[in-house]
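Both ligands and their constituent atoms are indexed starting at 1 by order of listing. Note that these values count all heavy atoms, side chains included, but never hydrogens, waters or copies made by symmetry. By convention here, the first residue in the shown sequence is residue 1.
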Amino acid sequence: MTDFNYDTIKSDLNRDEILSRMQDTLSDYRYTHCLRVEKVCRGLAAEYDGDVARAGLAGLLHDYAKERSDQEFIDVIKNNDLDPKLLNYNNAVWHGIVGAEIIKDELGIYDEDVLNAVRRHTVGSTNMTQVDKCVFVGDFIEPERDFPGINEARNYAKKSLDSAVAFELKHSLQHLVSKNREIYPETFISYNYWITKGDL
Ligand SMILES: [Fe+2]
Ligand SMILES: [Fe+2]
């Protein structure tokens with residue numbers, strides 16, 4: 001892969017510097033997942049004539065904060081005046097929405113298109129841009145993913161990003177319900193919106 005040029009993206013660091021920070025703060029397991037998601041996101045963006053650089057960078061960074069402590073997220077929610085309702089949730093929601101604040105603080109990346117894709121990768125949104133969709137789907141179908149429905153998910157990604165987003169939201173809701181897990185309201189809102197847009 002070539003063209004890791006982030007010149008149009010407001011960032012204090014180049015890719016090599018970002019990779020070195022990620023290696024310092026993430027397990028190998030998570031770091032290599034992020035590299036695979038970056039690659040899939042760049043491929044999806046290229047396939048759908050999108051923003052390859054932003055989709056790739058957002059894919060690379062989507063789980064940047066995933067391994068932080070609950071206390072760190074709680075501190076960031078309070079110190080950055082984020083929605084206090086976020087305190088009712090957990091890492092699954094925090095690492096996207098709150099993780100974007102940590103990325104700004106630690107990496108000096110202020111590109112809102114990239115940050116929004118990180119924020120939205122866990123719960124989706126009715127306002128998903130193409131970059132958001134690439135990350136949402138790329139995280140779900142990266143090559144090491146293996147779960148019942150993965151082939152369907154990959155096929156939908158070839159058909160259209162909207163269909164892949166709709167399938168992922170449906171699959172994730174079904175999974176959360178089956179595990180008796182809490183569901184962030186935005187996930188329902190995203191599902192209701194995208195299920196009418198995708199062609200499942
Ligand atoms: Fe994630
Ligand atoms: Fe991920």
Side-chain angles (χ1 to χ4, degrees), residues 15 18-19 21-45 54-70 72-74 76-77 82 86 88-107 109 111 113-125 127-150 153-154 156-157 161 164-165 167-176 179 181-188 190-191 194:
R15 182 169 178 272
I18 292 169
L19 294 184
R21 299 282 187 96
M22 290 177 67
Q23 280 176 301
D24 289 345
T25 55
L26 291 174
S27 61
D28 274 0
Y29 166 82
R30 188 83 48 200
Y31 175 69
T32 53
H33 163 67
C34 289
L35 288 175
R36 290 191 298 272
V37 174
E38 175 191 41
K39 190 171 178 181
V40 176
C41 290
R42 288 174 64 89
L44 287 170
R54 280 189 172 77
L57 181 57
L60 178 67
L61 292 173
H62 79 287
D63 277 345
Y64 177 78
K66 177 86 177 171
E67 295 177 356
R68 304 303 171 97
S69 68
D70 287 355
E72 180 169 349
F73 286 119
I74 290 165
V76 174
I77 292 167
L82 301 184
L86 283 168
N88 300 330
Y89 293 89
N90 55 33
N91 177 289
V93 166
W94 291 338
H95 81 276
I97 296 171
V98 187
E101 303 302 307
I102 297 175
I103 289 169
K104 268 196 270 186
D105 288 348
E106 294 184 7
L107 303 181
I109 292 169
D111 187 280
D113 294 337
V114 170
L115 295 172
N116 278 333
V118 173
R119 291 184 181 111
R120 294 168 180 166
H121 91 269
T122 50
V123 295
S125 159
N127 296 317
M128 288 171 97
T129 64
Q130 196 188 46
V131 171
D132 297 345
K133 291 175 197 171
C134 288
V135 176
F136 194 71
V137 173
D139 185 25
F140 197 57
I141 64 165
E142 63 99 329
E144 294 287 314
R145 291 283 194 206
D146 189 13
F147 52 82
I150 184 64
R154 290 189 176 124
Y156 280 123
L161 284 174
V165 166
F167 179 78
E168 180 175 343
L169 285 163
K170 177 179 151 185
H171 190 279
S172 300
L173 276 177
Q174 285 172 330
H175 177 75
L176 290 167
K179 298 276 176 200
R181 298 259 303 273
E182 279 177 297
I183 296 169
Y184 190 63
E186 188 69 34
T187 310
F188 282 119
S190 303
Y191 169 80
W194 289 105

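For the Fe ion (ligand 2), protein N, O or S atoms closer than 2.8 Å were enumerated as H33 NE2, H62 NE2, D63 OD2, D139 OD1, with waters left out.
By the side chain to side chain donor-acceptor pair (under 3.5 Å) test, T32 pairs with no residue at all, sequence neighbours left out. Scanning for side chain to side chain donor-acceptor pair (under 3.5 Å) contacts around E106 gives Y64, R68, with sequence neighbours left out.
Identified under the salt bridge (Lys or Arg N to Asp or Glu O under 4.0 Å) test for residues 130-144, with sequence neighbours left out: R36-E142, R120-D132, K133-D162, D139-R145.
Checking side-chain atoms of N91 against main-chain N and O of E67 turns up no donor-acceptor pair under 3.5 Å.
Among the heteroatoms counted here (N, O or S) of H95, NE2 is the one nearest to the Fe ion (ligand 1).
Using a 30° and 60° split on the angle between ring planes, H171 and F140 fall in the perpendicular class, above 60°. The aromatic rings of F73 and W94 sit tilted, their planes meeting at an angle between 30° and 60°.
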